[in-house]
2 protein chains.
Amino acid sequence: MADQTDFDIRSFLPYLLNQAAEESSLAFQHHYKQRYGMLRTEWRVLFHLGRYGAMTANAIGARSKMHKTKISRAVAALEKKRYLTRQKVETDRRHELLTLTRAGQAVYADLCEVARDYDAQLLAPFSTEEQALLKRALERLAKL
Amino acid sequence: MADQTDFDIRSFLPYLLNQAAEESSLAFQHHYKQRYGMLRTEWRVLFHLGRYGAMTANAIGARSKMHKTKISRAVAALEKKRYLTRQKVETDRRHELLTLTRAGQAVYADLCEVARDYDAQLLAPFSTEEQALLKRALERLAKL
DNA sequence: CCCTAATAGTTGAATTTGTAACTAACAAGC
DNA sequence: GCTTGTTAGTTACAAATTCAACTATTAGGG
């Protein structure tokens, strides 16, 4: 058995990342859950459409790495809430272009505000250089 | 509506953390899943017991912030695999001391090795200073 | 054209997780 | 020593996620 005393699970990167992700997501979840009855998957789909404009479910999957069934169900839920509409693409009728409704855009704008504040709050303890490094490192680890 | 063009979900910290956590956990999961048929919760419980020695389910919960039902089920599964044993504490019979069996220790030793390598691999692209900063930042975000 | 393969998206069943209610053991106040 | 409250851990049920199979549509030979 190799020497394990110097290896602590609490500094194991995947573990740390999970803890940090869990902690930060949980605190933010309150906003979209309480105010709009949305799930994390729904919030993510909404956010992608709000930020990048109309796109297909498949495109959202490529960007977010969410599984297509998750997206499919989130889209159905958002449609039911009348936050988005679907439209078949005429050139390839397998694709459905998803577009936020006015109501969807309003929710996006509201949550965007909250997200920005929360992000700033999370980053506040770090210097500008540290923030930049942290984000670069995370992007690299996420293989974005 | 506030100006949103400068706010990108892809640099929203909870989102980035989730992506990075997902990516890094997924790659590692292969080892304990494929080789030992364990779930993430089981792996974590095993790792805590391996690293810190016998303790109660409650103590694991305090350290890992896992919910007690998750731990309860993970412990039951690990017991079934004969990787740990339970023992009532005589001074307070509500507590159960969890101890890795020889088999459990062997699995821990094996996975510990893999985890260490994988951790090193994940951190390789970063300088020593960057690594330290990254871990400190994550610990802070995780409120550890 | 027709047959096969590939892609977008959906659905159902099996797993996994979260919530809340539960049992069992202890502790403290009266 | 009985009632009330608290803690460790389990379990039942509901909600969410994953996996695999499915439909519908397009693309590419032959």
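What's counted below: heavy atoms across the whole structure, side chains too, no hydrogens, waters or symmetry copies. Chain naming here is simple, since letters A, B, ... match the order of the sequence lines and numbering starts at 1 in each. What you see is a predicted model; the values in this text were computed from it and never measured.
Within a 6.0 Å radius of CZ in B:R82, no more than 12 heavy atoms belonging to other residues, nucleotides or ligands are found. Within 6.0 Å of the NZ atom in B:K88, the count of heavy atoms belonging to other residues, nucleotides or ligands exceeds 12. By the 6.0 Å contact criterion, NZ on B:K33 is open, its count of non-hydrogen atoms from other residues, nucleotides or ligands being 12 or less.
Rounded to whole Å, atom C1' of D:dG9 lies 17 Å from atom CD of B:Q87. Across the protein-nucleic acid pair, A:K65 atom NZ and D:dT18 atom C1' stand 18 Å apart, rounded to whole Å. The nearest whole Å value for the distance from the NE2 atom in B:H67 to the C1' atom in C:dT16 is 15 Å. Between A:K88 atom NZ and D:dT25 atom P the separation is 7 Å, expressed in whole Å. Between the CZ atom of A:R40 and the P atom of C:dT17 there is a distance of 14 Å, rounded to whole Å. Taking atom CG of A:L78 as the reference point, atom P of C:dT10 lies 12 Å away to the nearest angstrom. One can place CD1 of A:I71 at 17 Å from P of D:dA16, the figure rounded to the nearest angstrom. As rounded to whole Å, 16 Å separates atom P of C:dT16 from atom CZ of B:R44.
Counting only distance, with no hydrogens or angles, the side chain of A:Q19 and the backbone of B:A142 share no donor-acceptor pair below 3.5 Å. In this structure a side-chain-to-backbone donor-acceptor pair under 3.5 Å is present from B:K135 to A:S11. Judged by distance alone, with hydrogens and angles left aside, the side-chain atoms of A:D119 form a donor-acceptor pair with the main-chain N or O of B:L13 at under 3.5 Å. Remark: side-chain polar atoms of B:S24 are paired, donor with acceptor, to backbone N or O of B:A21 under 3.5 angstrom. No donor-acceptor distance shorter than 3.5 angstrom exists from the side chain of B:E42 to the backbone of B:L78, with no hydrogens or angles considered.
B:L123 is not connected to B:L133 by any chain of hydrophobic side-chain contacts under 4.5 Å among Ile, Leu, Val, Met, Phe, Trp and Tyr, and they are in different clusters.
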Under a 4.0 Å heavy-atom criterion, the protein footprint on nucleotides 4-9 of chain C, written with B, S and -, is --BBSB

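Of the residues in residues 24-39 of chain B, those placing a heavy atom less than 4.0 Å from an atom of DNA chain C are B:L39, in numerical order.
When each of D:dT25, D:dC19, D:dT17 is scored by its nearest atom to the side-chain atoms of A:K70, the top-ranked nucleotide is D:dT17. For B:R73, the listed nucleotide lying nearest its side chain is C:dT17; candidates were C:dT17, D:dT25, D:dT18.
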